[in-house]
Q: 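Attaching a single structure in structure tokens format; questions to follow.
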Amino acid sequence: MNLMYNSTRNKQETATASQAILKGLATDGGLFVPQSIPALDKTVEELSKMSYQEVAYEVMKLYITDFTEEELKNCINRAYDSKFDTTEIAPMVKKDGAYYLELFHGSTIAFKDMALSILPHLLTTSAKKNGVKNEIVILTATSGDTGKAALAGFADVEGTSIIVFYPKNGVSPIQEKQMITQKGANTKVVGITGNFDDAQSGVKAMFNNKELAERMDKAGYQFSSANSINIGRLVPQIVYYVYAYSRLVKNGEIKAGDKMNVVVPTGNFGNILAAYYAKNMGLPIEKLICASNDNKVLFDFFQTGTYDKNREFILTTSPSMDILISSNLERLIYKIAGNDADKCADLMKALSTTGVYNITDDMKANLTDFVGGYTDEAKTAATIKAVYDKEGYIMDTHTAVAAGVYKDYVAKTGDQTPTVIASTASPYKFTRSVMNAIDSKYDSMGDFELVDELSKLSGVKVPNAIEEIRTAPVLHDIVCESEKMQETVEKILKLS
Ligand SMILES: *Cc1c(COP(=O)(O)O)cnc(C)c1O
């Protein structure tokens, strides 16, 4: 029997896994959630003998039940291959009293590769299964990381094409270079003269344009989204928590059944939600520590039970966590409301109309697995420097937010539970901020000079993802005004 999914806002709207992957968002604007969270059916001993790909199969088969074994294994093997620079896929290193789970060994050196390298295959398999004949056009607005990871994931995947919009003056030089040098005949990258919100609004408007959808359909196209609310992104992220636990056991750091904590640097709440699902599948996770930067909406939420996005948006050195609406939190709200879709719909309505909602005391009582924390800019930088000075290990700014929160948590609670910190980006992705944290003298150097300095200090070879773009030719140079995004898409698809 298939595991079915329903919308967080309406239990009547149901879908199989493949349908939910194709649709992304439910028709009523809700997120698809499994009707029950499946339990792991392999023991830790069994899992500890498996490769990353094998663990991925054991986890994902429980969620994506309408794929055959061959289909799912095929997706997994095409995603987690030599695009990763280590056969471990997600290696773990023990530094300064914690286990850093390095989720940045994929093609764009950030954790979004963990899901975006498999999503294209899940999507094309789902399309076949549901008789979709159209070419799937992925439209994405990005503030940097997602765009490149999506481009790398979809490049040359048959039956798909991808168009990424980014704010021309709103991403780092390295991020821009990564995108505009993207290879693949089915990829297009467009700079817009507006900001990220303009890009996001333009993409949303195209998704909601029925007239455009009809013309696309006639021409053999349909839109889909690669954004982080798709269950095809959530499910692959559960895998590495199960894998991490099984490695701790394999390496003799803990015994099967012992507890572990996880600390996750959080933005859209996708990564930490995956850890919560892993816990609900039976993985012995004790605390889920949710780490925020100065945009500490989630910290306040866990303190007070009030979610309030009406506040100043702060630009930080951990930009992938600069978010005031954490979309995936809706799945947690639904769960702590006792899978009550009406209640969840009410709260989400309050969020969209007033920017605020309050959860009930009963719901709050269901949040005891979570601890919220945050780290400001000074402490983020100090954490990078302190761990470098002590261990010679250099972490990126996002990971440092989590490491800073973990330090505070231990100081406050004395909790000695072995703890895994989700390390979400390579320091090479945020080289300037990382090097400045170590010594302000680096500020005067050029971007690629800094890359070489980082390599000297850390003893870690410059990753291919960075080495490539030093000399790679620019392949994308389209720039348009934010009002002309649809026109640009129509031109690219030759609709007009
Ligand atoms: C996206 C991202 C995050 C935040 O992850 P969420 O799933 O959105 O909470 C953290 N760090 C890095 C480097 C990211 O790219």
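Positions are given from 1, in the same order as the sequence printed here.
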Q: Side chains of Phe269 and Ser327: does their closest heavy-atom pair fall under 4.5 Å?
A: no

Q: Against the six-membered ring of Tyr100, is Lys95 placed for a cation-pi contact (under 6.0 Å from the centre, within 45° of the normal)?
A: no

Q: At what distance, to the nearest 0.5 angstrom, does CD1 of Ile272 lie from CG of Leu329?
A: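 Nearest 0.5 Å value for the CD1-CG distance: 10.0 Å.
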
Q: Taking atom OH as the centre, does Tyr428 end up with more than 12 heavy-atom neighbours from other residues, nucleotides or ligands that are less than 6.0 angstrom away?
A: yes

Q: Any sub-3.5 Å donor-acceptor pair from Asn295's side-chain atoms to Leu324's backbone N or O?
A: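 Answer holds: no.
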
Q: Ignoring hydrogens and geometry beyond distance, is a side-chain donor-acceptor pair present between Asn268 and Ser326 at under 3.5 Å?
A: no

Q: Nearest heavy-atom pair of Leu123 and Ile21: which atoms, and what distance?
A: CD1-O, 3.5 Å

Q: Counting only N and O atoms by type, is there a donor-acceptor contact under 3.5 Å from the side chain of Thr397 to the main-chain atoms of Thr317?
A: yes

Q: Work out which heavy atom in Gly147 is nearest to a heavy atom in Thr142; give both atom names and the distance.
A: N-OG1, 2.8 Å

Q: Looking at Glu71 and Lys128, is there a salt bridge between them, counting it only when a charged N and a carboxylate O are closer than 4.0 Å?
A: no

Q: Should Tyr243 and Arg247 count as side-chain neighbours, where that means a heavy-atom distance under 4.5 Å?
A: yes

Q: Could you list the residues that satisfy salt bridge (charged side-chain N to carboxylate O under 4.0 Å, His left out) with Glu54, not counting sequence neighbours?
A: none

Q: Of all residues at least two apart in sequence or in a different chain, which pass the salt bridge (charged side-chain N to carboxylate O under 4.0 Å, His left out) check with Glu135?
A: none

Q: Not counting sequence neighbours, list each pair that qualifies as a side-chain hydrogen bond (donor to acceptor under 3.5 Å, both in side chains) and has a residue in residues 17-29.
A: Ser7-Asp28, Glu13-Lys23, Glu13-Thr27, Thr16-Ser18, Thr16-Gln19, Ser18-Asp66, Ser18-Asn130, Lys23-Thr27

Q: Out of curiosity, Lys204 NZ to Asn209 CG, how far, rounded to the nearest 0.5 Å?
A: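 With rounding to 0.5 Å, NZ (Lys204) is 15.5 Å from CG (Asn209).
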
Q: Donor-acceptor pairs under 3.5 angstrom involving side-chain atoms of residues 148-159: please list them, not counting sequence neighbours.
A:
unit_1	atom_1	unit_2	atom_2	d
Lys148	NZ	Gln178	O	2.8
Lys148	NZ	Gln182	OE1	2.7
Asp156	OD1	Ala185	N	3.3

Q: Where do Ile118 and Pro236 come nearest, in terms of heavy atoms and distance?
A: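 Scanning both residues, the minimum pair turns out to be CG2-CG, 3.5 Å.
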
Q: Heavy atoms, side chains only, cut-off 4.5 Å: are His476 and Met179 in contact?
A: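 No, side chains not in contact.
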
Q: Verify side-chain hydrogen bond (donor to acceptor under 3.5 Å, both in side chains) between Asp396 and Thr399, making sure each step is shown before the conclusion.
A: CA-CA 5 Å; Asp396 100 291; Thr399 308; 2.6 Å; yes

Q: Looking at side-chain heavy atoms only, is the closest gap between Cys290 and Phe301 below 4.5 Å?
A: no

Q: Tell me the closest heavy-atom pair linking Ile421 and Ala403, and the distance in Å.
A: CD1-CA, 4.0 Å

Q: Any non-hydrogen side-chain atom of Val137 less than 4.5 Å from a side-chain atom of Leu493?
A: yes

Q: Tell me, do Val33 and Ile231 make a side-chain contact under 4.5 Å, heavy atoms counted?
A: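 Sidechains of Ile231 and Val33: no contact.
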
Q: Check step by step if side-chain hydrogen bond (donor to acceptor under 3.5 Å, both in side chains) holds for Asp294 and Thr316.
A: CA-CA 7 Å; Asp294 278 323; Thr316 73; over 6 Å; no

Q: Taking the ring centre of each residue, are Phe299 and Tyr374 less than 6.0 Å apart?
A: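 Yes; Tyr374 has its ring centre under 6.0 Å from that of Phe299.
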
Q: Assess the residue pair Tyr80 and Asp113 against the criterion (side-chain hydrogen bond (donor to acceptor under 3.5 Å, both in side chains)); give the C-alpha distance rounded to whole Å, side-chain angles, the decisive distance to 0.1 Å, and a yes or no.
A: CA-CA 10 Å; Tyr80 305 111; Asp113 290 329; over 6 Å; no

Q: With Phe430, which residues qualify under ring pair (Phe, Tyr, Trp, His ring centres under 6.0 Å), at least two apart?
A: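 Phe430 satisfies ring pair (Phe, Tyr, Trp, His ring centres under 6.0 Å) with His398 once adjacent residues are dropped.
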
Q: Check whether any side-chain N or O of Ser455 sits under 3.5 Å from a backbone N or O of Val460 as a donor-acceptor pair, and report yes or no.
A: yes

Q: What's the verdict on side-chain hydrogen bond (donor to acceptor under 3.5 Å, both in side chains) for Asp217 and Gln222, showing C-alpha distance, side-chain angles and the deciding distance?
A: CA-CA 6 Å; Asp217 189 47; Gln222 69 188 61; over 6 Å; no

Q: For residues 444-464, pull every pair meeting salt bridge (charged side-chain N to carboxylate O under 4.0 Å, His left out), keeping only residues two or more places apart or in separate chains.
A: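 Pairs touching residues 444-464 that pass the test: Arg432-Asp447, Asp452-Arg470, Glu453-Lys456.
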
Q: Are any non-hydrogen side-chain atoms of Ile394 and Val434 less than 4.5 angstrom apart?
A: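 Ile394 vs Val434: side chains touch.
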
Q: Would you say the side chains of Arg233 and Asn230 form a donor-acceptor pair under 3.5 Å?
A: no

Q: Which atoms form the tightest heavy-atom contact between Thr125 and Cys75, and what is the distance?
A: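 Answer, listing the atom of Thr125 first, then Cys75: OG1-SG, 3.5 Å.
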
Q: Taking Phe165's backbone N and O only, do any of them form a donor-acceptor pair with Lys188's side chain (distance below 3.5 Å, no angle check)?
A: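 Side chain of Lys188 to backbone of Phe165: no pair is present.
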
Q: Quick one about Asp145 and Gln175 (side-chain donor to acceptor, distance below 3.5 Å, no hydrogens or angles considered), yes or no?
A: yes

Q: Mind listing the closest non-hydrogen atom pair of Ser292 and Leu298 along with its distance?
A: OG-CB, 3.8 Å

Q: Salt-bridge test for Glu69 and Lys73: reply yes if a basic N is under 4.0 Å from a carboxylate O, no otherwise.
A: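 Salt bridge flag = yes for Lys73 with Glu69.
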
Q: Would you say Asp439 has more than 12 foreign heavy atoms packed within less than 6.0 Å of its CG?
A: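 Yes, CG of Asp439 has more than 12 neighbouring heavy atoms, counting only those of other groups under 6.0 Å.
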
Q: Establish, from distance only, whether the side-chain atoms of Tyr57 and Asn77 form a donor-acceptor pair under 3.5 Å.
A: no

Q: I'd like to know if the side chain of Asn464 pairs up with that of Asp85 as donor and acceptor (distance under 3.5 Å, no hydrogens or angles considered).
A: no

Q: For Tyr52 and Glu88, which I'm curious about, is there any donor-acceptor pair between the side chains at under 3.5 Å?
A: no

Q: So, taking the atom named OG1 in Thr8 and the one named CG in Leu25, what distance separates them when rounded to the nearest 0.5 Å?
A: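 It comes to 8.5 Å.
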
Q: Would you say the side chains of Asp96 and Tyr406 form a donor-acceptor pair under 3.5 Å?
A: no

Q: With the threshold set at 4.0 Å, does a side-chain nitrogen-carboxylate oxygen contact exist between Glu211 and Arg215?
A: yes

Q: When you compare the side chain of Phe111 with that of Tyr240, does any pair of heavy atoms fall below 4.5 Å?
A: yes

